[in-house]
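Shown next, in structure tokens, is the structure this report addresses.
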Amino acid sequence: MTTIKSILNEQVGNALCRVSSIEQCKANVITASRPEFGDYQANGIMKVAKRLKQSPRELAAAVVTFLEKKNISLVESYEIAGPGFINIRLNNSELISRANVFLNNPELLVSKTSYPKTIVVDYSSPNLAKEMHVGHLRGTIIGDSLVRILERSGHNIIRQNHVGDWGTQFGMLIAYLQEIQKSKENNLPRQLLDLEHFYRAAKSRFDSDKNFADESRRSVVKLQSGDTESNKLWAQFIEESLSHCDAIYDKLNVTLKREDLDAESRYNNQLSEVVRILEQKNLITISDEAKVIFLPNFVGKDGNILPVIIQKSDGGYLYSTTDLAAIKFRSAELKADRSLYVVDARQSLHFDQVFSVAKAAGIASKKISLEHIAYGTMMGNDGKPFKTRSGDIVKLTELLDEAIKRAYELVTAKNPALDKELRKVIAEKVGIASVKYADLSKNRTSDYIFEWSTMLSFEGNTAPYLMYAYARIKSILKKPEAQNFTANISSLNEIEERLLLVKILQLSEVIQIVAEDCYPNQLCNYLYELAGLFMKFYEACPILKSEERIRNSRLALVSLTAETLNQGLDLLGIETLEQM
RNA sequence: GCGCCCGUAGCUCAACUGGAUAGAGCACCGGCCUUCUAAGCCGGGGGUUGGAGGUUCGAGUCCUCCCGGGCGCACCA
């Protein structure tokens with residue numbers, strides 16, 4: 001179903017074009033900034049009036065006259081206000097009939113795009129040499145939410161988990177594995193249970209023992225030249241590491257599967273081809289025996305030129321080369337319209353460069369939009385990157401376990417009468433949801449402070465608050481008096497009912513914005529406001545105690561609220577509970 | 001040195017991408033439970049949006065310059 005905002009944008013925009021005789025002009029309709037301004041407001045009149053050198057209020061009056069003649073059923077009234085805004089109030093029975101369509105067809109709450117695209121989303125992408133740590137959390141969670149939102153909007157989504165499974169540190173790990181295997185008492189699976197520990201042990205061996213370091217380097221060469229034994233160990237290592245990732249994804253309720261893997265090693269045999277293309281386009285310069293590209297748009301003011309290294313002086317390749325090969329694949333083979341990289345903001349220069357090279361060399365098609373969906377760093381409450389007290393990187397699995405533990409204590413404190421097993425289930429969902437929501441609800445581009453107390457709070461814009469709101473709604477619907485209500489909204493007399501209903505109808509509008517700009521916090525804000533409006537409705541309007549007609553209508557509204565909350569949270573990757 | 005990002009209430013964050021009187025939560029103060037989950041709701045105080053200019057009907061948002069912070073800049077990813 002076309003959203004209200006789209007209809008208004010089209011109708012008011014059209015009227016504006018007709019009245020002003022300007023072809024390209026936008027109505028710029030947004031939801032009203034204050035309730036007394038109505039439901040929506042058109043902000044675009046002033047800009048057009050400016051171009052016409054006309055009084056904005058006069059132009060607004062002409063637009064309103066035009067619109068009133070068209071008699072759009074959705075609109076109750078227009079009002080010109082301030083310097084030239086058009087405030088729009090919607091018609092109640094139209095709102096009700098829209099809502100009733102959603103009640104009977106909940107899948108329509110989020111409308112499908114008219115222009116489906118093929119969109120590659122590269123996210124999570126852990127380094128398989130180590131265990132997943134807190135640094136992988138944001139990208140994994142934000143990426144997964146975007147994927148859900150884009151998919152639900154009707155796009156063709158190709159997930160790509162670009163795991164780091166190649167490169168120098170694997171030589172070190174393999175050498176260390178071999179060393180361990182030689183000694184009798186060790187068994188491999190147990191050693192690999194703690195990847196982080198294993199990596200650190202290998203690393204300290206590498207740093208302290210020259211012979212071992214040399215052995216590691218030889219090991220890389222053996223691996224890359226296809227040595228059977230090395231490759232067998234490598235594959236074993238990768239498998240073990242991937243199963244760690246799977247466990248994390250499962251715990252986090254993240255949709256990434258094995259078939260979404262797009263490991264770096266996949267591109268090994270295409271790297272020389274990438275270099276050949278770049279050479280053919282005369283982009284390569286030899287500098288200090290390395291093959292690099294100097295891009296004119298990356299020249300600093302002082303003439304300092306930033307190079308992109310494509311091939312090292314020893315012939316080895318770097319991640320820029322791999323990324324170019326991946327762009328080639330996503331562009332030519334997957335035929336993507338958009339390719340999103342949900343990656344740490346600190347890599348923005350790298351992506352600027354790689355995207356520029358890809359475009360300049362024709363490795364990326366003309367149509368593909370390459371977008372770095374950057375996110376900020378997770379900080380501790382001291383404002384520095386999040387670490388343990390001893391200064392170590394926090395393993396993701398430990399962080400999640402702590403979240404669940406804290407949630408269990410909280411649930412027990414709030415509701416000690418609940419069965420222990422049930423509390424465990426609730427704690428698991430609430431704990432994970434809290435961590436995810438804390439991440440999603442903040443503007444992704446800025447660094448954010450990780451704080452247990454705020455994310456596990458039941459107050460404010462948090463997962464527990466939203467989940468509680470949902471559970472509360474569901475409990476109403478489970479009452480005996482709530483059974484067999486006729487599933488239609490018929491009354492919208494109370495202001496709280498109306499505000500709630502209009503909000504529900506806006507889910508799709510928010511989803512459209514997020515699908516475009518990739519800021520999931522906008523969906524979080526929406527859901528928080530939705531839950532707040534429900535609470536206000538709940539306080540102000542008796543549901544079960546009202547006379548039958550009102551009761552039925554309100555129950556339908558309650559049911560639609562539940563549906564909207566549930567779907568919205570699902571698009572964030574957050575599961576709801578019937579009872580808390 | 002050069003480049004990118006950021007600076008909003010005591011704290012954590014919003015502000016629909018240039019719109020009307022900058023909003024929430026925490027903390028603080030005061031109300032509301034024999035009544036659908038009080039894990040809730042209502043009200044109050046708290047701001048020169050780091051500073052100074054500029055652009056325009058209109059700036060937290062755009063431009064310039066300062067101040068303060070974070071992060072990147074040649075063979076790691």
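Keep in mind it's a predicted model, so treat the numbers as computed, not measured. Every chain is numbered from 1, with letters handed out A, B, ... down the list of sequences.
Applying the 6.0 Å contact sphere to CD of Glu289(A) captures no more than 12 heavy atoms from other residues, nucleotides or ligands.
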Contact string for nucleotides 8-19 of chain B, one letter per nucleotide 5' to 3', B = base within protein heavy-atom range under 4.0 Å, S = sugar-phosphate only, - = neither, reads ----SSSSBBSB

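Helical stems in RNA chain B, defined as runs of 3 or more consecutive Watson-Crick or G-U wobble pairs with donor-acceptor distances under 3.5 Å: B:1-5 with B:69-73, B:10-13 with B:23-26, B:28-32 with B:40-44, B:50-54 with B:62-66.
OP1 and OP2 of A77(B) both lie 4.0 Å or more from every side-chain N or O belonging to Tyr317(A).
Checking C73(B), C41(B), C71(B) against every side-chain atom of Met535(A), the shortest atom distance belongs to C41(B). Taking the side chain of Lys479(A) as heavy atoms from C-beta on, and the options C42(B), U37(B), G25(B), the nearest nucleotide is U37(B). Closest to the side chain of Tyr465(A), from the set G40(B), A74(B), U37(B), is G40(B).
The closest side-chain donor-acceptor pair between Ser124(A) and Thr140(A) falls under 3.5 angstrom.
Cation-pi geometry between Arg444(A) and Tyr519(A) is satisfied (NZ or CZ under 6.0 Å from the ring centre, within 45° of the ring normal). Stacking of Lys130(A) on the aromatic ring of Tyr199(A) is recorded, both the 6.0 Å distance cut-off and the 45° axial limit being met.
Among the atoms of the strands shown, none is found under 4.0 Å from any heavy atom of Thr322(A). No contact: Asp323(A) has no heavy atom under 4.0 Å from any strand. Counting any heavy atom pair closer than 4.0 Å across all strands shown, Ala290(A) reaches a base atom.
If you take atom P in G47(B) and the same atom in C6(B), they sit 26 Å apart, rounded to whole Å. Between the C1' atoms of U17(B) and C11(B), the separation comes to 27 Å (whole Å). Only the P atoms considered, C16(B) is 37 Å distant from U37(B), to the nearest whole Å. Only the C1' atoms considered, U61(B) is 30 Å distant from G1(B), to the nearest whole Å. Across A74(B) and G68(B), the matching C1' atoms stand 31 Å from one another, rounded to whole Å.
Taking atom CE of residue Met378(A) and atom C1' of nucleotide C6(B), one finds them 19 Å apart after rounding to whole Å. One interatomic measurement links the two molecules: CD1 of Ile45(A) to C1' of A20(B), which rounds to 14 Å at whole-angstrom precision. Separating the CZ atom of Phe458(A) from the C1' atom of C41(B) is a distance of 17 Å, rounded to the nearest angstrom.
Applying the side-chain contact (heavy atoms from CB on, under 4.5 Å) rule to Ser125(A) yields the partners Asp122(A), Asn161(A), His162(A); only residues at least two apart in sequence or on another chain are considered. Judged as a side-chain contact (heavy atoms from CB on, under 4.5 Å), and not counting sequence neighbours, the contacts of Met46(A) are Pro56(A), Pro83(A), Phe85(A). Applying the side-chain contact (heavy atoms from CB on, under 4.5 Å) test to Asp207(A) and every residue at least two apart in sequence or in another chain returns Lys203(A).
Sorted by residue number, the members of residues 537-545 of chain A with any non-hydrogen atom under 4.0 Å from RNA chain B read Tyr538(A), Glu539(A), Cys541(A), Pro542(A), Ile543(A), Leu544(A), Lys545(A).
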